[in-house]
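Below you'll find the structure, written out as structure tokens, and then a few comments.
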Amino acid sequence: MDFYGHVIDGEEVPSADGAEFDSIDPYRREPWARVALGSAADVDRAVRAARRAFDEGPWPRMGLAERGAVLHRLAGLLERNAEEMGLSDTRDMGKPITQSRDNDVFRAAANLRFFADHARLSTAETLPMDSGHHAYTRFEPAGVVAAIAPWNYPLMLATWKVAPALAWGNTVVLKPAEDSPVSATKLARLALEAGMPPGVLNVVHGRGPDSAGQALTEHPGIDRITFTGASSTGRVIARAAAANLVPVSLELGGKGANVVFADADLANAVEWSIKAVYTNTGQVCLAGSRIYVQRPIYEEFLARFVAAAEAMVIGDPCDAATQIGPLASEQHYRKVRGYVETVESAGGKILTGGLGDGWTVRPTVVVDMPQTAPHCTEEIFGPLVVISPFDTEQEAVELANNTRYGLNAMVFTENLHRAHRVSARLRAGTVWVNCFFIRDLRAPFGGVGDSGVGREGGSFSREFFTEPKAVIIDVKRD
Ligand code: NAD
């Protein structure tokens, strides 16, 4: 079994105390990689290395074009190693290979390329003042960034944080999720190959509480914390950030509502609705896990949706034909299984799906569920959708907004007025109309309520990963 170490100051190293853990392949349900298990001592080494690289190294002082060129080279290396990078995530957490290799790796590369270019082309405000002074803004790197990533899009979400942080001249300590560690070590290896100076991108593996994650968020040498993960963890991390007065960006869970009006293009609505809840086996923060369908088309929508769900290919995620793999870990499987097993006692009915082999849950469709049931209010993070009918636009908006989450929502309608009207009324960071998952990296990304604090993307990432400085010059003296 291959070993994956921390990457600190340009070296791949074991833990200071020699601790290791297994990464489990959730389809084969056996270890496939050995990984260094970090603790506070490893985090401290990494933060010190990042600090040195920030205070003394070339990275923050480089021109934007030169720094951008390194990020573009790293993007190219990811693309050239797409097979290996995709397989790492697939073996770690069971994502179908056509999604990890053909989508996530290229999106990770796109993150790097986009933020390299965005930083280079970014303009800053200048303010000629009536008093004869001139004010302008400098976007200076913030310092050492702690990036904590989840397991559902390991490489893609790591780069979503690392790319803007690096592009703006910061140095980074990345802690990937313990269920998906391998691609982070490989990313850091490739960064060195691309010419990134030692200490600029450090990776420390380990768990969250009482482990590397907690040590990193509590470390006094950190200047920014960017976190993607569960809302409960976000609360803990926000407290750690508050203790050190460190700005924190939290991208948290979701319970996306998908509202399908009777005037929708039904084939389009079914196609996107299936993708919205079953992509990555439902382990997507943006999952459209509550579908509300206007009554005149409810039965027809259900029939088409169930047929499409039943046609999905379940199996080995390394197989290119597979659309639904196992859940990412035994622990997560047990959590999702709990929701499947309590559908009937909560008042609902399973139309299709249920438990599969191993740690697999088949694409599951639930109807007749009371809106107060946990299945309608809690993030399940698996391939289970609750479909409910509604009558009026007002009712649809109320149902969609009836959650503590507010990451995203979908609306399907051919009525342009309704599309704008309902989009404006939905409590969500992103609303997709007649589509899903389409992203422009310049747009704000983040959530309302339990779905997060702050926005990333384009200039929103710039605001977070830099210290904007106002410089005011007296220009009236001769
Ligand atoms: P998680 O919160 O359990 O873990 C995420 C990361 O935080 C891991 O690296 C973990 O080791 C670390 N961690 C856990 N406890 C910590 C602590 N006390 N201090 C510091 N670090 C700690 O989440 P997960 O189960 O890996 O990911 C799934 C969750 O992530 C879901 O809720 C999902 O909706 C959310 N998510 C959100 C987005 C988004 O963009 N909003 C994207 C993907 C996933």
Side-chain angles (χ1 to χ4, degrees), residues 21 23 35 37-40 43 89 92-93 95 104 107 111 146-161 173-181 183-184 203-219 222 225-241 243 246 248-256 279-289 327-329 331-336 378-382 403-408 428-430 437 439 444-457 460-461:
F21 68 105
S23 178
V35 184
L37 178 61
S39 65
V43 166
D89 283 353
D92 263 349
M93 49 69 70
K95 184 189 300 255
D104 294 7
R107 176 54 207 286
N111 286 340
I148 302 191
W151 48 258
N152 64 332
Y153 282 84
L155 178 66
M156 197 283 271
L157 283 175
T159 54
W160 173 244
K161 302 176 168 312
V173 180
L174 166 67
K175 203 218 59 80
E178 54 272 41
D179 288 327
S180 59
S183 60
V203 171
V204 179
H205 294 291
R207 306 206 165 91
D210 302 319
S211 182
Q214 184 177 342
L216 184 57
T217 54
E218 293 178 353
H219 198 291
I222 292 297
I225 301 173
T226 171
F227 168 76
T228 298
S231 304
S232 52
T233 313
R235 288 190 161 81
V236 176
I237 289 180
R239 276 197 287 276
V246 173
V248 60
S249 168
L250 302 173
E251 299 195 333
L252 308 177
K255 190 69 185 172
T279 297
N280 199 17
T281 316
Q283 302 163 121
V284 182
C285 53
L286 302 163
S289 53
L327 292 164
S329 65
Q331 188 190 7
H332 188 56
Y333 166 69
R334 285 178 188 281
K335 178 188 150 189
V336 177
E378 296 172 7
E379 183 183 47
I380 296 174
F381 223 54
T403 166
R404 291 180 61 84
Y405 293 107
L407 192 58
N408 64 297
T430 300
F437 244 159
R439 292 282 302 280
F445 184 80
V448 177
D450 275 11
S451 291
V453 175
R455 296 289 183 275
E456 294 188 19
F460 300 89
S461 294

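Note that ligands are numbered from 1 as they come in the structure, with each ligand's atoms numbered from 1 the same way. For clarity, every value in this text was computed on a predicted model and none was experimentally measured.
- Here OG of Ser249 is found 11.0 Å from CD1 of Ile237. Values are rounded to the nearest 0.5 Å.
- Shown here, atom 24 (P) of ligand 1 is in close reach of the protein: a heavy atom of it lies under 4.0 Å off.
- Numbered from 1 in the order shown, with element, the atoms of ligand 1 that lie under 4.0 Å from a heavy atom of Arg207 read 11 (O).
- Within the structure, ligand 1 lacks Gly447 among the residues with a heavy atom less than 4.0 angstrom away.
- The nearest protein atom to atom 3 (O) of ligand 1, hydrogens excluded, is given as Thr233 OG1, 3.9 Å; this is a heavy-atom distance.
- Two residues are said to be in side-chain contact when any heavy atoms from C-beta on lie closer than 4.5 Å; Ser329 and Trp151 fail this criterion.
- Contact atoms of ligand 1 toward Glu251: 37 (C), 38 (C), 39 (C), 40 (O), 41 (N) (distance under 4.0 Å to a heavy atom of the residue).
- In summary, of the residues considered (Leu407, Thr226, Thr228, Val453), a side-chain contact (heavy atoms from CB on, under 4.5 Å) with Glu251 occurs for Thr228 alone.
- Those atoms of ligand 1 with a heavy atom of Gln214 less than 4.0 angstrom away are 19 (N), 20 (C).
- Residue contact annotation: Trp160 has no non-hydrogen atom under 4.0 Å from ligand 1.
- Within ligand 1, the atoms closer than 4.0 Å to a non-hydrogen atom of Leu407 are 41 (N), numbered from 1 in the order shown.
- Remark: Arg439 CZ is packed, more than 12 non-hydrogen atoms of other residues, nucleotides or ligands lying under 6.0 Å away.
- Side-chain atoms of Glu456 and Lys161, non-hydrogen and from C-beta on, do get closer than 4.5 Å to each other.
- Looking only at protein heavy atoms, the nearest one to atom 27 (O) of ligand 1 is Pro150 CB, 3.4 Å.
- Two residues are said to be in side-chain contact when any heavy atoms from C-beta on lie closer than 4.5 Å; Leu216 and Val173 meet this criterion.
- Closest protein heavy atom to atom 36 (N) of ligand 1: Cys285 CB, 3.5 Å.
- At a threshold of 4.5 Å between non-hydrogen side-chain atoms, the residues Leu286 and Phe445 count as touching.
- Only the side chain of Glu178 comes within 4.0 Å of ligand 1, counting heavy atoms alone; its backbone N, CA, C and O stay farther away.
- Interface atoms of ligand 1 facing Val236, defined by a heavy-atom separation under 4.0 Å, are 18 (N).
- Regarding atom 12 (C) of ligand 1, its nearest protein heavy-atom neighbour is Ile148 CG2, 3.7 Å.
- The closest approach between Gly446 and ligand 1 stays at or above 4.0 Å for every heavy atom of the residue.
- Backbone and side-chain nitrogen or oxygen atoms of Lys175 are examined, and one is located within less than 3.5 angstrom of a nitrogen or oxygen of ligand 1.
- Here Ser231 has no heavy atoms under 4.0 Å from ligand 1, in either its backbone or its side chain.
- Residue Phe445 places a heavy atom less than 4.0 Å from ligand 1.
- Close contacts of ligand 1 with Pro176, meaning ligand atoms under 4.0 Å from a residue heavy atom, involve 9 (O).
- Under the 4.5 Å side-chain criterion, counting only non-hydrogen atoms from C-beta, Asn280 is in contact with Met93.
- Residues Val284 and Phe437 have side chains in contact (heavy-atom distance under 4.5 Å, counting atoms from C-beta outward).
- The protein heavy atom nearest to atom 28 (C) of ligand 1 is Phe381 CE2, 3.6 Å.
- At a 4.0 Å cut-off, at least one heavy atom of Ala149 sits close enough to ligand 1 to count as contact.
- Contact annotation: for Leu286 versus ligand 1, there are no heavy atoms closer than 4.0 Å.
- Looking at atom 22 (C) of ligand 1, its nearest protein heavy atom turns out to be Gly208 CA, 3.4 Å.
- With atom 5 (C) of ligand 1 as the reference point, the heavy atom nearest to it among Trp151, Tyr153, Phe227 is part of Phe227.
- Among all non-hydrogen protein atoms, the one lying nearest atom 37 (C) of ligand 1 is Leu252 O, 3.0 Å.
- Interface atoms of ligand 1 facing Thr228, defined by a heavy-atom separation under 4.0 Å, are 5 (C), 36 (N), 37 (C), 38 (C), 39 (C), 40 (O), 42 (C), 43 (C), 44 (C).
- The side chain of Ile237, and not its backbone, has at least one atom closer than 4.0 Å to an atom of ligand 1 (non-hydrogen atoms only; side chain from C-beta on).
- Close approach of ligand 1 to Asn152 (heavy-atom distance below 4.0 Å) involves ligand atoms 43 (C), 44 (C).
- Atom 31 (C) of ligand 1 has as its closest protein heavy atom Glu379 OE1, 3.3 Å.
- Two residues are said to be in side-chain contact when any heavy atoms from C-beta on lie closer than 4.5 Å; Val236 and Thr217 fail this criterion.
- Judged by a 6.0 Å distance limit and a 45° cone about the ring axis, Arg107 is not positioned over the six-membered ring of Tyr153.
- Residue contacts with ligand 1 for Leu216 are absent, since no atom lies close enough (heavy atoms, distance under 4.0 Å).
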